[in-house]
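Everything on this sheet refers to the single structure shown next.
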Amino acid sequence: MKTLAKTYDPKGLEDLLYQKWEQNGYFHAKVDKTKKPFTIVMPPPNITGQLHMGHALDNTMQDILIRFKRMQGYEALWQPGTDHAAISTEVKVINSLKEQGIDKNDLGREGFLEKCWEWRKEYGGRIINQLKKMGSSADWERERFTMDEGCSDAVEEVFVKLYEKGLIYKGERIINWCPVCQTSISDAEVLHEEQEGHFWHINYPIAGEEGRFVQIATTRPETMLGDTAIAVHPDDERYQDLIGKKVILPLVNKEIPVVADEYVDREFGTGVVKITPAHDPNDFEVGRRHDLPIINVLNDDATINENGGKYCGMDRYEARRKIVEELDAQGLLVKVEPHSHNVGTHDRCGTTVEPMVKPQWFVAMEDLAKPAIEAIEKGELRFVPERFNHTYLHWLENIRDWCISRQLWWGHRIPAWYCDDCGEMVVTKTKDAPAVCPKCGSAHLAQDEDNLDTWFSSALWPFSTLGWPKETPELDYFYPTDVLVTGYDIIFFWVVRMVFSGYEHTGKSPFHTVLIHGLVRDDQGRKMSKSLGNGIDPLDVIDRYGADALRLTLITGNAPGNDMRFYWDRVENSRNFANKVWNASRFIMMNLEDAQVTEPKPGDLGHEDKWILSAVNTLARDVTENMDKFELGIAVGKVYDFIWDEFCDWYIEMVKPRIYGEDAVSKNAAFWILKTVLADALKLLHPFMPFITEEIYTTLLPEEESIMIADWVTYREDRHFPEDEEMARRMKELVRGVRQIRTDMDVPPSRKAKLFVTSENEAVRKAFTELAPVYQALASANEVVVQADASMIGDSAVSVVIPDAVLYMPLEDLVDFEKEKERLNKEKTRLEKELARSKGMLSNEKFLSKAPAEKVAEEKEKQKKYEQMMADVLARLEQMQ
RNA sequence: GGGAGUAUAGCUCAGCUGGGAGAGCGUCCGCCUGACACGCGGGAGGUCACGGGUUCGAGUCCCGUUGCGCCCACCA
């Protein structure tokens, strides 16, 4: 048997164990119809990514569930992979090229893509290796990439299919444009932040009516260059005479009409709105209703274009200043008010997005959203915690068409070809791309320059990774998957899109449960971010405290859906727990050395043995229940408490005398229990702390190959001993009482005392007699005498009164009678309070008639005990007079 | 403007279907007791935000108030 170091050192060990697991193929799941499948798809990390606390939490939760199910006998597949992360990667590669003095455009599309693939080759595996450091037991043999052949085929399959159904269309619509990234982005990628701005009130002269103006208010004066109307509410009395007339657009000096539209809020501003269809989503709609021209005044980089006349070439903000200045000079600026309003920014770069009208590709959402909404109602999909059902539904019910085209190079290119000669468009898979135009026969065909939103491919992840659109055995067996684990910030981007894609393409929800977690924040509650520099590197934590400690820290006391803060103190505590487990095991194995342990006969088990056996049995049942309900924090908390408090601080201390004693039968029983309970506890702990449990388990049981393939602990009726659990409770109370006395009386542990236990109850006397050695160990007693009454005990003793018994501790000269009386009086006060409460309840007729019978019986039982204890306390006080 | 949360010990947070107020850290006292000082034993510390209600009984359910962040939203 290996000797174990005094403190647990995870360094080096974790990597070795991981290698062993991987080499033995424990992570690999196969199609096995004799077993039930359990599947989780890993949210694919970006190839540009570095492991952060969010990944650490997300993957720890998944690993816990997978390991738990695997031990329960499921064929557990954790399907991993990485995401090409279109825009993130493209930006990273552009920047790294820039450092080498290379411009993306000089390389051309092909050249640039080569660089991207090089990047992927160099960094794409980095985060996977970091996930392995966490102990993630994903099936790496099945690792996929969103741009690998299969996933790309799935993307084109879906695109063509949806196009043919009319659910994908190309159109001139208003979209969100990022002037820095120079691409369109979807609504989900726009963050709204409240910004302090201004409200400029401007007079627009009414055409043909010298000196008459109409006042409008705007927060973006520069867009007036693209105004093609102004609008008032059709029922607004103030402006009835204006409807149908024209106003002169200042600076541009062009006549534009006054239209009436319900969109206008009479109460807001002046009740007159300038209409810029090219640069505002609402105005775009108004423009459509009134057939207004669309004048785009911005270039892709948000400078004013040639439609802006003399402002052409100016930046949007510079133009704004200039325009305001000139309006003021012309006396058309009425006033400027401070005004806070929401500004849309690009979630990736923070740039203020500019709504623009451009030809883009869209997914029509209305029909697709319907089954995804019904999924919740039908119970085919649920969120944990449930409140996220609302978040999900609300978004789906108000969904707008999804802009899927991106002006990027890295990613899935839109599979559409145009004929240069006749303008015909062909949408088909790349492998079926036409050589000549099917309409005019021209060979001048060019593929659409745009790419797809990166989420278009991740939306298919649960089934594309399993082989779809091919009907693979994996797809048949592992799909639909079971649980999806992700943060609440990803619901709109990913979860929603996976669900409607699942229904549309496979007819099923891709998973039945979405387990949501929150953010890991810093110790001040701030988001961890690069710009703040407050991020904590999980690898650094692992390096200092081990992966098990990090995992335990992330899971303990964290409720689903809630954010948590990261504290080094808590990691330390986790590390301490690992060390505790290590040392308890070390102690057991040291003593077990050379011992031939056999299963004891039931009659050879002591109360304490049956208690701890029963306790771990109950624990297994409870923990399993919590795991089934995804209450991971509660589950691990129970294992933690059991190991530290019950097993280490009580049971191990209790059996020390037997271990060091001569009674072979009793010794064997103790050994067997220690070994059995430890093995069970390790199994229950394994999903949370895989490394340390593996190391100890295989050392404790050298015949076992790995704890990963051990069976989960299940509840056994034949290991349920409620009487012994009760006995243990009583015993602990008594021992705590003795310890309290020793502290109160300043009795050093070195001074051992004889203990008397008196009880009128014969069964209790018997149990205490059998437990005498336990008391000796736990209460530093040199002898324990059990008797029926206290008559033989002198006055010079302190006592502890517990239900059914009184414990006396003769201390001869050490006793301070006043202190002892004080103690007893305190006890008396406590009991009086309890009795009053109990009597109150039991004299309440409503309680007696309405509360469940068991509760009433329980209360009566309590009262009886209190009364008995009170009698004992009073007797002691009497005795001391 | 909507929506969903949260308010429990000095700090950070658990507390599932209503009946014991808890953990970690911190703090006080005593211990290097033959696994562990990354430890052991014993304490102190809370009107469970506030006001109502339902109930025999509420931190736990309902309504309202206040504080705090969060998400969504096209008021120019």
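Everything numeric in this text was worked out from a predicted model, so none of it was measured. Order of the sequence lines fixes the chain letters, A, B, ..., with proteins taken first and strands second; residue numbering starts at 1 for each chain. Hydrogens, waters and symmetry mates are skipped; everything else that's a heavy atom, side chains included, is used.
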Compare side-chain N and O positions of [X] against OP1 and OP2 of [N] and report whether any pair is under 4.0 Å apart.
| X | N | value |
| --- | --- | --- |
| A:Gln740 | B:rG43 | yes |
| A:Asn558 | B:rU12 | no |
| A:Lys580 | B:rC40 | yes |
| A:His279 | B:rA76 | no |
| A:Arg742 | B:rG41 | no |
| A:Asn591 | B:rA35 | no |
| A:Trp644 | B:rC40 | yes |

Shortest side-chain distance from [X], nucleotide among [options]:
| X | options | result |
| --- | --- | --- |
| A:Asn576 | B:rC25, B:rA35, B:rC38 | B:rC38 |
| A:Asn583 | B:rA35, B:rC56, B:rU12 | B:rA35 |
| A:Tyr263 | B:rG19, B:rC38, B:rA76 | B:rA76 |
| A:Asp649 | B:rG24, B:rA14, B:rC40 | B:rC40 |

- Once you apply the 3.5 Å cut-off to both distances, tell me the Watson-Crick or G-U wobble partner of B:rA23, or none.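 Per the H-bond distance test, B:rU12.
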
- Message: According to a cutoff of under 5.5 Å between the ring centres and under 30° between the ring planes, does A:Tyr660 stack with the base of B:rG34?
- Response: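 Stack criterion met.
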
- Please lay out, stage by stage, how A:Asn573 and A:Arg570 fare under the test side chain to side chain donor-acceptor pair (under 3.5 Å). CA-CA 5 Å; A:Asn573 177 248; A:Arg570 298 196 44 217; over 6 Å; no

